[in-house]
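Structure, as structure tokens:
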Amino acid sequence: QVQLVESGGGLVQPGGSLRLSCTASRMILSVFNGYVMGWYRQAPGNERELVADITYNKITDYAESVMGRFTISRDNSRKTVSLRMNSLKPEDTAVYYCHARRNDELKSPNVGSWGQGTQVTVSS
């Protein structure tokens, strides 16, 4: 079982920025490099949706709704993945979850491991 520890999140005004971080603290480095790391979010009443993910060799994929505003990055040596969120909108309000799946697993919220989730609230 992969353990993912998240940090960041909080309350921010529209147009503001936040940074989320996630560390796979108990995973050995060679195993971490075999995982795609990502962030999902879930707002009340909505399904969990992919925000962005990143492979070992830094190939990224973004939801259309966050493209150009959010940036996912990965530090393989520190086994961390981060999500920089700029120009935040009220509709970005959700619980954000760190996610890890093996390279050979499908891109799906039904596989992989999850962090505990961190609340992001965008409100004036």
Side-chain angles (χ1 to χ4, degrees):
Q1 182 72 15
V2 175
Q3 183 177 31
L4 302 172
V5 180
E6 301 162 356
S7 62
L11 173 64
V12 64
Q13 293 186 343
S17 298
L18 281 175
R19 182 181 181 89
L20 307 180
S21 293
C22 171
T23 301
S25 57
R26 294 185 179 180
M27 193 184 292
I28 62 175
L29 184 57
S30 60
V31 174
F32 180 79
N33 291 343
Y35 276 72
V36 179
M37 303 298 297
W39 292 93
Y40 281 72
R41 67 185 180 186
Q42 188 168 21
N46 290 355
E47 293 185 353
R48 195 169 294 190
E49 62 174 359
L50 177 68
V51 176
D53 65 18
I54 184 167
T55 65
Y56 163 75
N57 54 353
K58 312 296 176 67
I59 297 172
T60 59
D61 186 27
Y62 291 93
E64 188 172 340
S65 60
V66 307
M67 208 168 293
R69 299 188 297 122
F70 291 12
T71 302
I72 190 169
S73 60
R74 174 175 180 150
D75 185 336
N76 292 326
S77 65
R78 297 187 177 188
K79 300 176 288 182
T80 62
V81 60
S82 298
L83 185 70
R84 176 67 177 180
M85 304 182 291
N86 295 329
S87 303
L88 282 160
K89 305 175 181 180
E91 51 263 44
D92 294 317
T93 296
V95 178
Y96 284 68
Y97 296 90
C98 182
H99 181 252
R101 61 178 173 88
R102 295 194 315 270
N103 290 340
D104 61 350
E105 291 183 308
L106 293 175
K107 181 179 289 193
S108 167
N110 298 319
V111 300
S113 300
W114 298 95
Q116 77 278 8
T118 185
Q119 178 70 46
V120 172
T121 302
V122 185
S123 175
S124 54

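What you see is a predicted model, and the numbers here were worked out from it, not measured in a lab.
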message = I'd like to check Asp53 versus Arg101 (side-chain heavy atoms, cut-off strictly below 4.5 Å). Are they in contact?
response = yes
task = Kindly indicate whether the side chain of Leu29, heavy atoms from C-beta on, has any atom under 4.5 Å from the side chain of Lys79.
result = yes
note = When every non-hydrogen atom of Leu4 is compared with those of Ala24, the smallest separation belongs to CD2-CB, 3.9 Å
request  = List the atom of Ala43, the atom of Thr93, and the distance in Å for their closest heavy-atom pair.
outcome  = CB-O, 3.7 Å
ask   = Do Trp39 and Cys98 touch side chain to side chain, with heavy atoms closer than 4.5 Å?
value = yes
ask   = Does Arg74 make a cation-pi contact with Phe32 (under 6.0 Å, within 45 degrees of the axis)?
value = yes
query = Are the side chains of Thr80 and Ser21 in touch, meaning some heavy atoms are under 4.5 Å apart?
reply = no
ask   = Do Ser123 and Leu11 have side chains that get closer than 4.5 Å, going by heavy atoms?
value = yes
inquiry  = Given 3.5 Å as the limit, does a donor-acceptor pair link the side chain of Ser87 with the main chain of Arg69, or not?
reply    = no
request  = Rounded to the nearest 0.5 Å, what's the gap from CG on Leu88 to CD on Gln13? Could you check?
outcome  = 11.5 Å
task = Indicate the atoms forming the closest heavy-atom contact of Arg41 with Ala94, along with that distance.
result = CB-CB, 3.8 Å
inquiry  = When you measure from the side chain of Ser108 to the backbone of Asn110, do you find a donor-acceptor pair of N or O atoms at a distance under 3.5 Å?
reply    = yes
ask   = Are Leu106 and Tyr35 linked, directly or through other ILVMFWY residues, by side chains that come within less than 4.5 angstrom of each other?
value = no
request  = Decide yes or no for Ser73 and Arg84: does some side-chain heavy atom of the first lie under 4.5 Å from some side-chain heavy atom of the second?
outcome  = no
inquiry  = Can a donor-acceptor pair be found, under 3.5 Å and without considering hydrogens, that links the side chain of Asn76 to the backbone of Asn33?
reply    = no
key: Minimum-distance pair of heavy atoms, taken over all atoms of Leu18 and Gly10   = CD1-O, 3.9 Å
ask   = Okay, side chain of Tyr97, backbone of Gln42: is any donor-acceptor separation there less than 3.5 Å?
value = no
inquiry  = Starting from Tyr56, can I reach Ile28 by hopping between I/L/V/M/F/W/Y residues whose side chains sit under 4.5 Å apart?
reply    = no
key: Glu47, CD atom: more than 12 neighbouring heavy atoms under 6.0 Å   = no
CA sep, side-chain torsions, deciding dist, call: Asp61, Lys107, side-chain contact (heavy atoms from CB on, under 4.5 Å) = CA-CA 11 Å; Asp61 186 27; Lys107 181 179 289 193; 2.6 Å; yes
remark   = Heavy-atom nearest pair, Met37 first then Ile72, reads O-CD1, 4.0 Å
query = Which class fits the ring pair Trp114 and His99: parallel under 30°, tilted 30 to 60°, perpendicular over 60°?
reply = tilted
note = Residues Val120 and Met85: closest non-hydrogen pair is CG2-CE, 3.9 Å
ask   = Are Val12 and Leu83 grouped together when hydrophobic residues (ILVMFWY) are joined by side-chain heavy atoms under 4.5 angstrom apart?
value = yes
request  = Establish whether Val51 and Met67 are linked, either directly or via other cluster members, by ILVMFWY side-chain heavy-atom contacts under 4.5 Å.
outcome  = yes
query = Parallel, tilted or perpendicular: which fits the ring planes of Tyr96 and Phe70, with parallel below 30° and perpendicular above 60°?
reply = tilted
Linked, directly or transitively: Val36 and Val66 (ILVMFWY side chains, under 4.5 Å) = no
ask   = Can you tell if the side chain of Asn103 reaches within under 4.5 Å of the side chain of Thr55, non-hydrogen atoms only?
value = no
